Amino acid sequence: MGSVKNGRSGSNYVAGVINQHPQLVNYGEVLGEWTLPYRLYEKLANHKVPVDSYLDYIYSNKFMLC
């Protein structure tokens, strides 16, 4: 296995292991206040769209995966 950074709780390690698999992707903390998806959700969705539906759209959209 390749190099994986040390994390405080093990979540970074788990994310690194998952991301080493060719068919899996771990996006990390997708709604952390510092992330683009969170900022877009705050500005555009006005919380009328359930967050899980929003994330399904964002992460299945080919434009967003570039």
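The structure displayed is predicted, hence computed values, not measured ones.
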Using the side chain to side chain contact (heavy atoms under 4.5 Å, CB included) criterion, which residues pair with Asp56? Sequence neighbours excluded.
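Applying side chain to side chain contact (heavy atoms under 4.5 Å, CB included) to Asp56 gives none.
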Nearest heavy-atom neighbours spanning [X] and [Y]:
| X | Y | answer |
| --- | --- | --- |
| His21 | Gln23 | ND1-N, 2.9 Å |
| Tyr41 | Tyr54 | N-OH, 3.3 Å |
| Leu24 | Ile18 | CB-O, 3.7 Å |

Walk me through it: do Val49 and Tyr57 pass the test side chain to side chain contact (heavy atoms under 4.5 Å, CB included)?
CA-CA 11 Å; Val49 175; Tyr57 173 76; over 6 Å; no
How far apart are the C-alpha atoms of Asn19 and Val25, what are their side-chain angles, what is the distance that settles it, and do they pass the side chain to side chain contact (heavy atoms under 4.5 Å, CB included) test?
CA-CA 5 Å; Asn19 285 331; Val25 177; 4.3 Å; yes
